[in-house]
Number of protein chains: 2
Amino acid sequence: MTQLQRRKIPDAAIARLPIYLQILNNLAVTNVLRFSSDELAALAGVNAAKVRKDLSYLGSYGTRGVGYEVTYLIYQIKRELGLMREWNVVVVGAGNLGCALAKFDGFLSRGFPVVGIVDNDPKKIGRTTSSLTVGDVADLKNIVRDEKVNIGVITTSSAAAQSAADALIEAGITSILNFAPVVLSTPSSVSVRHVDLGVELQILSYYEQMRIETGIKSDSSPELSKVGVQ
Amino acid sequence: MTQLQRRKIPDAAIARLPIYLQILNNLAVTNVLRFSSDELAALAGVNAAKVRKDLSYLGSYGTRGVGYEVTYLIYQIKRELGLMREWNVVVVGAGNLGCALAKFDGFLSRGFPVVGIVDNDPKKIGRTTSSLTVGDVADLKNIVRDEKVNIGVITTSSAAAQSAADALIEAGITSILNFAPVVLSTPSSVSVRHVDLGVELQILSYYEQMRIETGIKSDSSPELSKVGVQ
DNA sequence: TGTTGTGAACGCTTTCACAGCT
DNA sequence: AGCTGTGAAAGCGTTCACAACA
């Protein structure tokens, strides 16, 4: 959760910067030059004080009485997040989800080209999906070296996920995005983000059940707040 | 973030219950009968005090000096999360990701059958993917009624996501899982969880960059902690 | 005048530490 | 003796409210 830091930015703020960035990119496309904390707050679904605090961690880049400059803030957020360069991604697990992610626009368009996809199933190795050929997980070390991979995405079955993680770490990868529904055991020098789609639905289920039990009509009734996104 | 409640369980604890459940289900499969907070903590990658607090919100279901019973705790967690029943899911957006999710085992196996998939692209409507035929988003209201849908999953482009959300809400859906990289504007009576794959990678990028700048060797060096999963 | 930047207050979450049971 | 359950303390994150300043 904490790391050695240049300037200490809270993890919670770091997690929101990509959302602000997304919104500012949209504003830039529509030629908006400036924004206030109020405006960004409304678009991001948070409150203005939070936006100001978050942006203040980057430095004092606003102008009192005026607001912030869109392009300058985009630059600062990208710099802070390490997005001035591309980060190459390898997908481990060439099932439906893995192949869909390998083709997924959202990765490349945000600076994360998928440069490889591997599996351990001989039936899948050699298949071509979009512009990639499925490689052998045994070659991971070479692929990571040759393609300068920085991030591994695990889309295997849960049974295979830990050994996928081990292979990535063995190959020198220190950033892992895991879609398998297991908690990976990794050294503390490796960053893991765990996206469990089942978990997301189960959390929704809890709040949905609560709405049913407390008898909220499915018509929009006020003053029950949105979960997620914080 | 807060809702009307039966017994107040903190949101942070709710978000961990599915992870415990996952682990306990694995223990049950291997015929483990009991566990201690220490054991579950190690498997979940959290500390034992947190496990005990989290489980205590469900009631006092442990035995001092002994531990907790696996099957009984599974039952209690499922009851609390609303998993004693199935929740039907409809996917909006029949692109690569949407089709992959519709086929995804992880949903059905955890009690979330995907009963429909829709799109607004006439070229996609009518196609068959796994056992489902892509429907017209204009029929969403009927599908939700006929198939008793509880949860909507949005896998459209970001441009179409807001109107997909509007259509779901119009059809009476109050739980949405959104994969499009936009912040949805929804009434507060609707629960939204936002999974932005680009955002996940950008957060990893920040910590990866920090490791590079602070000169951590890619060999496992101690005392930098894992991010995510909390 | 309008909006930022930020100490201080508040509230939520985690952790500690130990009393209470088995 | 061992492990749970839980008040109390500590740690974070959010929000308030206003001084600073263009």
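Since we're looking at a predicted model, the values are computed, not measured. A, B, ... follow the sequence lines: proteins, then strands. Residue 1 opens every chain.
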Side chain to side chain donor-acceptor pair (under 3.5 Å) involving [X] - partner list, sequence neighbours excluded:
{"X": "B/Tyr72", "answer": "B/Gln76"}
{"X": "B/Glu170", "answer": "B/Lys141"}
{"X": "A/Ser205", "answer": "B/Trp87"}

Nearest listed nucleotide, side chain of [X], among [options]:
{"X": "B/Ala49", "options": "C/dT15, C/dT14, C/dT6", "result": "C/dT15"}
{"X": "A/Lys53", "options": "C/dC16, D/dG7, D/dT15", "result": "D/dT15"}
{"X": "A/Pro10", "options": "D/dC16, D/dG13, C/dT15", "result": "D/dG13"}
{"X": "A/Tyr57", "options": "D/dT15, C/dT3, D/dT14", "result": "D/dT14"}

Atom [atom1] of [X] and atom [atom2] of [N]: how far apart are they, to the nearest Å?
{"X": "B/Lys8", "N": "C/dT13", "atom1": "NZ", "atom2": "C1'", "value": "11 Å"}
{"X": "A/Arg34", "N": "C/dT4", "atom1": "CZ", "atom2": "C1'", "value": "14 Å"}
{"X": "B/Asp54", "N": "C/dT14", "atom1": "CG", "atom2": "P", "value": "7 Å"}
{"X": "A/Lys50", "N": "D/dA17", "atom1": "NZ", "atom2": "P", "value": "17 Å"}
{"X": "A/Asn47", "N": "D/dG13", "atom1": "CG", "atom2": "P", "value": "16 Å"}
{"X": "A/Glu39", "N": "C/dG2", "atom1": "CD", "atom2": "P", "value": "14 Å"}
{"X": "B/Tyr61", "N": "D/dT6", "atom1": "OH", "atom2": "P", "value": "12 Å"}
{"X": "B/Ile9", "N": "C/dT13", "atom1": "CD1", "atom2": "C1'", "value": "15 Å"}

Quick note, side chain to side chain donor-acceptor pair (under 3.5 Å) partners involving residues 22-39 of chain A, not counting sequence neighbours, are A/Gln22-A/Arg110, A/Ser37-A/Arg52
Quick one: label B/Asp38 by what it contacts on the DNA or RNA (base, sugar-phosphate, nothing), any heavy atom closer than 4.0 Å.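 Since no nucleic acid heavy atom lies under 4.0 Å of B/Asp38, the category is nothing.
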Once ring-ring contact (aromatic ring centres under 6.0 Å, His included) is applied, do any residues pair with A/Phe35, and if so which ones, sequence neighbours excluded?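 So A/Phe35 forms a ring-ring contact (aromatic ring centres under 6.0 Å, His included) with A/Tyr68.
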Can you check whether B/Asn178 reaches B/Asp196 side chain to side chain, under 4.5 Å on heavy atoms? no
Identify which one of B/Val114, B/Val89, B/Leu168 satisfies the side-chain contact (heavy atoms from CB on, under 4.5 Å) criterion when paired with B/Ile151. B/Val89
Would you indicate, yes or no, if D/dA20 has its OP1 or OP2 atom less than 4.0 angstrom from a side-chain nitrogen or oxygen of A/Arg52? no
Please determine whether a side-chain nitrogen or oxygen atom of B/Ser37 lies at a distance below 4.0 Å from atom OP1 or OP2 of D/dT4.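 Yes, such a contact exists.
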For DNA chain C, find the residues of residues 63-72 of chain A with a heavy-atom distance under 4.0 Å and give them by number; none if there aren't any.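 Those residues whose heavy atoms fall under 4.0 Å from DNA chain C, taken from residues 63-72 of chain A in numerical order, are A/Thr63, A/Arg64, A/Gly65, A/Val66, A/Gly67, A/Tyr68.
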